[in-house]
Amino acid sequence: MKVIIAEKPSVAREIAKVFGANTKREGYIEGKGYTFTWAFGHLLQLAPPQEYGYYGWSVQNLPMLPQKFKLAIRKVKTKEGMVDDPSVKKQLDIIKGLFDEATEIIVATDAGREGELIFRYIYYFLKCKKPFKRLWISSQTDAAIKEGFRNLKPGTDYDTLFNSAHCRSQSDWLVGMNATQALSLSSGTRSVLSLGRVQTPTLAMICSRYLENKNFVPQIYYQVAIQVDKDGQLFRAISANSYKTKEEAQTIADRVEDVAAGFPQGGHILSVEAKPRKEPPPLLHDLSSLQQEANKRKGFTADYTLSLLQNLYEGKLVTYPRTGSRYIGDDVFATVPGLIDKFTGHDVFGKQATALTTAKLNKRSVNAKKVTDHHAILPTGEAARQLTPDQQAVYDMVVGRMLEAFHQDCIKEITKIAVQSGSKFMASGTVINTPGWRAVFNDKDEEKKDEENASLPKVTQGENLPVTNKAVLEKQTKPKPLYNEASLLKALETAGKEIEDEELRYAMKDSGLGTPATRASIIETLVKRDYITREKKNLVPTETGLSVYGVVKDQQIAQAELTGNWEKRLEEIRSGASVNSFLAEIQQYTRSITSEMLKAGTALRVVAKQI
DNA sequence: GCAAGGTC
């Protein structure tokens, strides 16, 4: 008997379907001489400190550097404290039973570093010795699964990938556990002051933006506005220059040749420039872009959006949500016309869906090379019923985005008019000629929302028009806004882009800080630690958060570069470099950050007293 | 009591 093990039940079901196996058992499916079982993500994790003899939280134990890491069953919180998750225990027993019977194991966990780790931890924890092969596919269509099974790889091909994954895991444990205990113990506050490779740079971003925003000194400046009348259609033009003092601006306003000053036609049209612009549709959603949209449209937190999506996924209404890709492959694209057909009767999008059934579909989101473990989020086409309003809202964002992504370009005309009236004034406006994808939601164009004169009247160069009003405007420069969940998610994704060191930047190009599956929980961790709070939509640091930021801000652990550095080394390990030299460096760094944090806590104590 | 990673 051959056993196939997937990362999650949905994938096991898909594969079983391709094989025509359909006998459902507790924890697996069987048929045609195969069994198809699954994990639920990481069933095992590196054992906590007490399993190596580090009891309690104590400076004497630090730094904790286990000789050899152990594995432990994933824990769940109960009234009696942390206990082995019973559903995990049960599934592990089922997997063990199947592995014992197996002649061969086929590894079908997700094609990536963590997928490899999920399987290997199970395999080693169960002390299994059976041979295994690797299925390596990036989409779960029937064709891709069949092709993958014709091309199974030897399991040992992925030993170095496992090494890099195991290093990632141990390094996070070493640095996180030790730095957290060191800072918490030395602060003397008896609260948990956690630190980690991902959460601390995230905290640092929120704090540094907050301080920059708070300390921003706005500069006041002045402009002059005039109102011009074209056959009863009014539009506004703003002085081409801005002025430091009100007096300078007033001088410009005094020179305006408006009707009240005795000039019936004092607005001279210097130039009219009208440029058509094509705006391509947005890409399909990955988890992060959808969380950002849901935060902007509905104010949902990243965590809440993920939980809504998980509901929809379990109800088989949307494809796998924790994806980092905004693309689909050609195989999935082939199913899109049928999918669009399912929405021609939709309340809101029916008309646009119908229009798309006869149009040539835009292929901007189709690129198999940019599909990683999972493709972009799509509806499955199953009929949606009895959704809560919030589930419905997120579901509609998925459906709407699909229609947008395959729609035509939006064609706009951007008009700039220069008017001379004493001095030079400018008016600009945007007119949408063909809405294309913008017809789906029919939203206002975000970037132009504040701008007046969305459409400008037709004027011609050389025309003279009456200026019917004028005013001096007082304006001020604005600081960068505080982070909200949408802008923070975006910043986490692109955290690597601002790194100066080219190699580190390159190492982070596909990752950013954290992963799509974990970013929401990172934000929740910072909230739980009382490092940040939500004020309206903004994420604002607390006193505690700012104090911790104060002591770590110049440390490596607070920089995105640390992740870049690790990613570079982990990639080298994947291609065969030594594991031990990297781990030795991590141990050295653990010693140094631990001693720094043991010292740093005293500074925190002073801060705590001052508050 | 603690990391980051995955998922129900």
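In the text below, chain A, chain B and the rest are named by the order of the sequence lines, each starting its count at 1.
OP1 or OP2 of dA3(B) sits under 4.0 Å from a side-chain N or O of S194(A).
Rounded to whole angstrom, the span from the CG atom of L195(A) across to the P atom of dA4(B) amounts to 9 Å. Whole-Å rounding puts the R168(A) CZ to dA4(B) P distance at 10 Å. Following rounding to the nearest Å, R529(A) (CZ) and dA4(B) (C1') show an atom-to-atom distance of 12 Å. Following rounding to the nearest Å, I118(A) (CD1) and dA4(B) (C1') show an atom-to-atom distance of 12 Å. Across the protein-nucleic acid pair, Y531(A) atom OH and dC2(B) atom C1' stand 10 Å apart, rounded to whole Å. Atom-to-atom, CD1 of I523(A) to P of dA4(B) comes out at 13 Å; the value is rounded to the nearest Å. As rounded to whole Å, 13 Å separates atom C1' of dA4(B) from atom CG of L526(A). Atom pair E567(A):CD and dA4(B):C1' shows a separation of 12 Å (rounding to whole Å applied).
For a distance-only test at 3.5 Å, the side chain of Q310(A) fails to qualify as a donor-acceptor partner of the base of dC8(B).
In this structure, Q181(A) reaches the bases: a heavy-atom distance under 4.0 Å links it to at least one base atom across the strands shown. Nucleic acid contact class of P9(A) (heavy atoms, under 4.0 Å, all strands): sugar-phosphate only. Residue-level contact check: F119(A) touches neither bases nor backbone, having no heavy atom under 4.0 Å from any strand. Using a 4.0 Å heavy-atom criterion, one finds that R197(A) contacts the sugar-phosphate atoms exclusively. Contacts of Q45(A) with the nucleic acid, taken as non-hydrogen atoms under 4.0 Å apart, include base atoms. Across all strands, N178(A) comes closer than 4.0 Å to no nucleic acid atom at all (heavy-atom distances). Residue-level contact check: V192(A) touches the bases, meaning some heavy atom is under 4.0 Å from a base atom. At a threshold of 4.0 angstrom between heavy atoms, the contacts of G514(A) are confined to the sugar-phosphate backbone, with no base atom among them. Using a 4.0 Å heavy-atom distance criterion, S191(A) is classed as a base contact.
The pair E485(A)-R534(A) counts as a salt bridge, with a side-chain nitrogen and a carboxylate oxygen less than 4.0 angstrom apart. Remark: K75(A) engages D84(A) in a salt bridge, criterion side-chain N to carboxylate O under 4.0 Å. For the pair E116(A) and R134(A), the salt-bridge criterion is met [side-chain N within less than 4.0 Å of a carboxylate O]. Salt bridge status for E567(A) with R113(A): present, with a side-chain N to carboxylate O gap under 4.0 Å. Note on K89(A) versus D93(A): no salt bridge recorded, every NZ/NE/NH1/NH2 to OD/OE distance being 4.0 Å or above. A salt bridge between K130(A) and E104(A) is absent, with no side-chain N of the basic residue lying under 4.0 Å from a carboxylate O of the acidic one.
Nearest nucleotide to the H42(A) side chain, out of dC2(B), dG5(B), dC8(B): dG5(B). In this structure, the nucleotide among dG5(B), dA4(B), dC2(B) sitting nearest to the side chain of T180(A) is dC2(B). Of the candidate nucleotides dA3(B), dC8(B), dT7(B), dA3(B) has the atom lying nearest to any side-chain atom of T525(A). Checking dG5(B), dC8(B), dA3(B) against every side-chain atom of R322(A), the shortest atom distance belongs to dC8(B).
Residues L306(A) and M82(A) both approach DNA chain B. Their nearest nucleotides, taken by heavy-atom distance, put M82(A) toward the 5′ side. Taking the nucleotide of DNA chain B with the nearest heavy atom to each of L46(A) and G115(A), the more 5' of the two is matched to L46(A).
Stacking annotation: W57(A) is stacked on the base of dG1(B) (ring centroids less than 5.5 angstrom apart, interplanar angle below 30 degrees).
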